[in-house]
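One structure is given below, encoded as structure tokens.
Just the heavy atoms: all of them, side chains too, but no hydrogens, waters or symmetry mates, feed the values below.
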Amino acid sequence: MSSQIAGVLQLIALIAALALAYRPLGDYMARVYSSEKHYKPEKWIYKVIGADPAAEMRWPAYLRGVLAFSAVSVLFLYLMQRVQGSLPGSLGFSSIDPDQAFNTAASFVANTNWQSYYGEQAMGHVVQTGGLAVQNFLSAAVGMAVAVALVRGFARSRTGELGNFWADLVRGTVRILIPVSVIGAIVLVACGAIQNFSGIHQVGQFMGGTQEWNGGAVASQEAIKELGTNGGGYFNANSAHPFENPNPLSNLFEVFLILLIPFALTRAFGRMVGSLKQGYAILGAMAVIWIGFVALMMWTEFAHRGPAFEVAGGAMEGKETRFGIAGSSLFAVSTTLTSTGAVNSFHSSYTGFGGGITMLGMQLGEIAPGGVGSGLYGMLIMAIIAVFIAGLMVGRTPEYLGKKIGTLQIKLAACYILITPALVLGFTAVAMALPTPGDSMTNSGAHGFSEILYAYTSGANNNGSAFAGLNADTQWFNTTIGIAMLLGRFLPIVFVLALAGSLAEQKPVPETAGTLRTDKPLYTGLLVGTILIITGLTYFPALALGPLAEGLAS
């Protein structure tokens with residue numbers, strides 16, 4: 001069997017598994033966020049934090065909950081790293097430097113999980129499990145809560161109330177993320193991933209010296225890392241490490257976990273707004289982009305150009321032989337089209353066009369299908385923009401799901417889509433203009449520029465993957481990427497919740513013969529076109545200086 005056919009079969013198997021899980025998980029999530037019942041463990045949590053889960057919140061109160069909880073999380077994780085040397089189970093590792101501790105705290109709380117450190121050489125068991133893994137759950141639950149708040153904005157009318165942030169946070173964690181992660185961890189252990197709390201031990205001779213490895217609760221962290229579209233690896237090699245991702249079966253399962261909730265949330269969206277067809281339209285747009293990017297990546301990396309590629313069967317540099325080009329390409333596209341950032345290969349070693357595809361996937365806004373929660377609310381923002389463009393074409397006030405899209409809604413949507421490009425392009429320009437940041441580049445020319453462009457694209461879009469050629473463990477990059485991650489996460493949430501509040505206050509508009517049907521394939525095509533055009537106009541000049549220039553020159 002050829003590698004290309006094996007890649008197609010992997011893609012078909014993955015789509016089939018996602019299709020089987022789509023309906024039950026989507027319906028379950030809709031029931032979770034619509035239920036008025038509170039389980040006993042949830043009631044204990046509410047009592048500890050002093051929250052009233054029955055109290056409805058308007059968007060400013062909901063936003064204050066998101067920001068306050070996230071600020072406390074950043075502070076807690078920062079302090080935990082700073083005192084690591086005094087904690088039990090630290091494996092003898094010293095405390096983390098202030099700039100790196102800030103970067104890591106901002107990264108994991110913002111659901112970015114960018115890492116400028118070697119995981120197995122810097123973090124002990126307590127920080128890994130009690131700090132980083134906990135934030136993998138909580139940051140994912142925050143994203144899902146914000147998405148649900150926006151969905152309620154479409155579903156509700158004549159009220160500014162969007163639900164209760166604390167209830168949404170707890171339910172998303174207790175009822176969705178924890179149960180699925182437990183199952184995922186068991187599957188990964190069965191596939192060969194490790195799960196222990198062993199210390200550092202020698203495993204034999206390596207190039208004239210001894211090689212040391214430490215164990216850890218890897219399978220459990222790997223499960224939520226992928227399920228919550230987090231991406232931070234227990235080891236520096238991330239999902240290319242055999243302890244995290246042992247074989248092709250575990251590789252395919254991890255891609256399944258990455259895509260599971262973002263795709264299923266479209267079903268929950270359809271249930272909550274009372275129209276499954278609307279959910280299918282959003283799902284269709286996500287699926288078209290994802291499948292298109294996978295096909296394009298596989299074609300790019302399988303292309304035989306030169307004797308080395310012909311011998312290897314394609315562009316195998318930087319890829320694990322146990323996954324091959326197909327498994328690596330599928331993983332790379334899925335992790336950059338979501339806000340996961342996990343990698344099972346090194347994107348810097350991809351072909352010029354292949355590296356550009358990973359960058360473009362993040363620059364779309366990671367909405368196909370995107371991160372848990374963030375993918376859905378990002379796509380709904382684009383849906384509003386698409387409706388507005390269609391309204392301009394026919395000279396009609398745009399409507400979406402029975403809500404008028406007026407001046408306020410468009411201003412909020414425009415602010416949302418402008419924030420991330422401003423952060424990415426602004427920080428990249430400053431880094432290239434200053435003399436010191438350029439010293440961190442391993443390569444010069446177009447590829448070196450791509451390293452810096454990728455870093456800020458990954459940070460501001462809350463992805464977390466790295467191009468693997470940039471030394472980001474400097475005060476400049478730790479600080480600026482940390483700021484980009486926080487602003488890229490929480491500024492868009494401000495506009496999402498403000499938009500949700502404005503929609504919830506509206507009176508539903510009755511559907512007429514002139515209403516654009518947003519549950520038809522025509523609208524799905526318009527939505528995909530809108531996404532590609534907006535992204536292309538925004539990022540094409542920067543991409544032309546980096547991956548496009550490299551690809552055309554090779």
Examine distances only and state if a side-chain atom of Tyr523 and a backbone atom of Ala383 form a donor-acceptor pair shorter than 3.5 Å. yes
Heavy-atom pair of closest approach, residues Ile385 and Ala413: CD1-CB, 3.8 Å
Check: Phe263 ring centre within less than 6.0 Å of Tyr22 ring centre: no
Evaluate the side-chain hydrogen bond (donor to acceptor under 3.5 Å, both in side chains) criterion for residues Ser348 and Glu451: first the C-alpha distance (whole Å), next the side-chain angles of each, then the deciding distance (0.1 Å), finally the verdict. CA-CA 8 Å; Ser348 180; Glu451 292 173 2; 4.6 Å; no
Nearest heavy atoms of Pro179 and Thr173, plus distance in Å: CD-O, 4.3 Å
State, with a plain yes or no, whether a side-chain heavy atom of Leu259 is found less than 4.5 Å away from one of Pro369. yes
As a quick check of understanding, evaluate side-chain contact (heavy atoms from CB on, under 4.5 Å) for Met298 and Gln4, giving each step before the final call. CA-CA 8 Å; Met298 286 191 180; Gln4 291 89 335; over 6 Å; no
I'd like a table of donor-acceptor pairs (distance under 3.5 Å, sequence neighbours excluded) in which one partner is a side-chain atom from residues 134-146, with atom names and distances.
| residue | atom | partner | partner atom | Å |
| --- | --- | --- | --- | --- |
| Asn136 | OD1 | Asn113 | ND2 | 2.9 |
| Ser139 | OG | Phe108 | O | 3.4 |
| Ser139 | OG | Asn111 | ND2 | 3.0 |
| Ser139 | OG | Gln135 | O | 2.7 |
| Ser139 | OG | Asn230 | OD1 | 3.3 |

Would you check if Leu265 and Leu25 make a side-chain contact, meaning some heavy-atom pair closer than 4.5 Å? no
Closest approach of Thr338 and Thr340, non-hydrogen atoms and distance? OG1-OG1, 2.5 Å
Arg322 side chain to Pro248 main-chain N or O, any donor-acceptor pair under 3.5 Å? no
Within the structure provided, determine whether Ser35 and Arg175 are in side-chain contact (heavy-atom separation under 4.5 Å). yes
Please examine the side chains of Thr518 and Gln278, heavy atoms only from C-beta on, and report whether any two atoms are closer than 4.5 Å. yes
Check whether Asn463 reaches the backbone of Ser465 with its side chain - one donor and one acceptor, N or O, closer than 3.5 Å. yes
I'd like to check Cys191 versus Asn247 (side-chain heavy atoms, cut-off strictly below 4.5 Å). Are they in contact? yes
Hey, is the main chain of Leu257 close enough, under 3.5 Å, to the side chain of Glu226 for a donor-acceptor pair? no
Donor-acceptor contact below 3.5 Å, side chain Thr129 vs main chain His125: yes
Check: residues 527-547 side-chain donor-acceptor pairs under 3.5 Å, at least two apart:
| residue | atom | partner | partner atom | Å |
| --- | --- | --- | --- | --- |
| Thr530 | OG1 | Leu526 | O | 2.8 |
| Thr535 | OG1 | Ile531 | O | 2.9 |
| Thr538 | OG1 | Ile534 | O | 2.7 |

Measuring only between side-chain heavy atoms, which start at C-beta, is Gln121 closer than 4.5 Å to Asn236? no
Are any non-hydrogen side-chain atoms of Leu380 and Phe269 less than 4.5 angstrom apart? yes
Does the Asn245 side chain pair with the main chain of His241, one donor and one acceptor, at a distance under 3.5 Å? no
Could you go through Met359 and Leu364, starting from their C-alpha distance and side-chain angles, then the distance that decides it, and tell me whether this counts as side-chain contact (heavy atoms from CB on, under 4.5 Å)? CA-CA 9 Å; Met359 260 189 274; Leu364 291 179; over 6 Å; no
Phe154 and Tyr400 aromatic centres sub-6.0 Å: yes
Are Arg171 and Tyr33 in a cation-pi setup, meaning NZ or CZ lies under 6.0 angstrom from the ring centre and within 45 degrees of the ring axis? no
Neighbour count above 12 (heavy atom, 6.0 Å) for Ile15 CD1: yes
The test is side-chain contact (heavy atoms from CB on, under 4.5 Å); show your working for Phe427 and Ile452 and say whether it passes. CA-CA 9 Å; Phe427 276 121; Ile452 291 182; over 6 Å; no
Heavy-atom nearest pair, Met123 first then Leu132, reads CG-CD1, 4.4 Å
Mark yes or no for whether Thr358, through its side chain, and Gly355, through its backbone, hold a donor-acceptor pair below 3.5 Å. yes
Is it true that His447 and Phe467 have ring centroids separated by less than 6.0 Å? yes
Asn251/Phe331 under side-chain contact (heavy atoms from CB on, under 4.5 Å): CA gap, chis, key distance, verdict: CA-CA 8 Å; Asn251 187 68; Phe331 201 108; 3.3 Å; yes
Checking ring pair (Phe, Tyr, Trp, His ring centres under 6.0 Å) for the pair Phe243/Tyr234: CA distance, chi angles, key distance, verdict? CA-CA 9 Å; Phe243 288 177; Tyr234 204 100; 9.9 Å; no
Over all heavy atoms of both residues, which pair between Ser458 and Thr112 is shortest? Give the atoms and the distance, please. O-CG2, 3.9 Å
Using a cut-off of 6.0 Å, state whether more than 12 heavy atoms not belonging to Glu317 lie near its atom CD. no
Please report the closest heavy-atom contact between Val424 and Asn461, naming both atoms and the distance. CG2-ND2, 4.1 Å
So how far is it from Leu376 CG to Leu150 CG, rounded to the nearest 0.5 Å? 7.0 Å
How many angstroms lie between CD in Glu366 and OG1 in Thr335, if you round to the nearest 0.5 Å? 8.5 Å
Between CZ on residue Phe323 and OG on residue Ser239, distance to nearest 0.5 Å: 7.5 Å
What distance do Glu301 atom CD and Met297 atom CE have between them, rounded to the nearest 0.5 Å? 6.0 Å
Could you tell me whether the side chain of Gln10 and the main chain of Leu252 form a donor-acceptor pair under 3.5 Å? no
Answer yes when Lys225 and Glu244 have at least one side-chain N-carboxylate O distance shorter than 4.0 Å, and no when they do not. yes
Under 4.5 Å between any side-chain heavy atoms of Phe449 and Met441, yes or no? no
Picking from Ser339, Pro262, Pro492, what satisfies side chain to side chain contact (heavy atoms under 4.5 Å, CB included) with Ser374? Ser339
Mind checking the CD1-NE2 spacing from Ile357 to His347? Nearest 0.5 Å is all I need. 11.5 Å
Has the side chain of Arg23 got a donor or acceptor atom that lies under 3.5 Å from a matching backbone atom of Arg267? no
When you measure from the side chain of Ser328 to the backbone N and O of Ser345, does any donor-acceptor pair fall under 3.5 Å? no
Rounded to the nearest 0.5 Å, what separation is found between the CH2 atom of Trp114 and the CG atom of Asn103? 8.0 Å
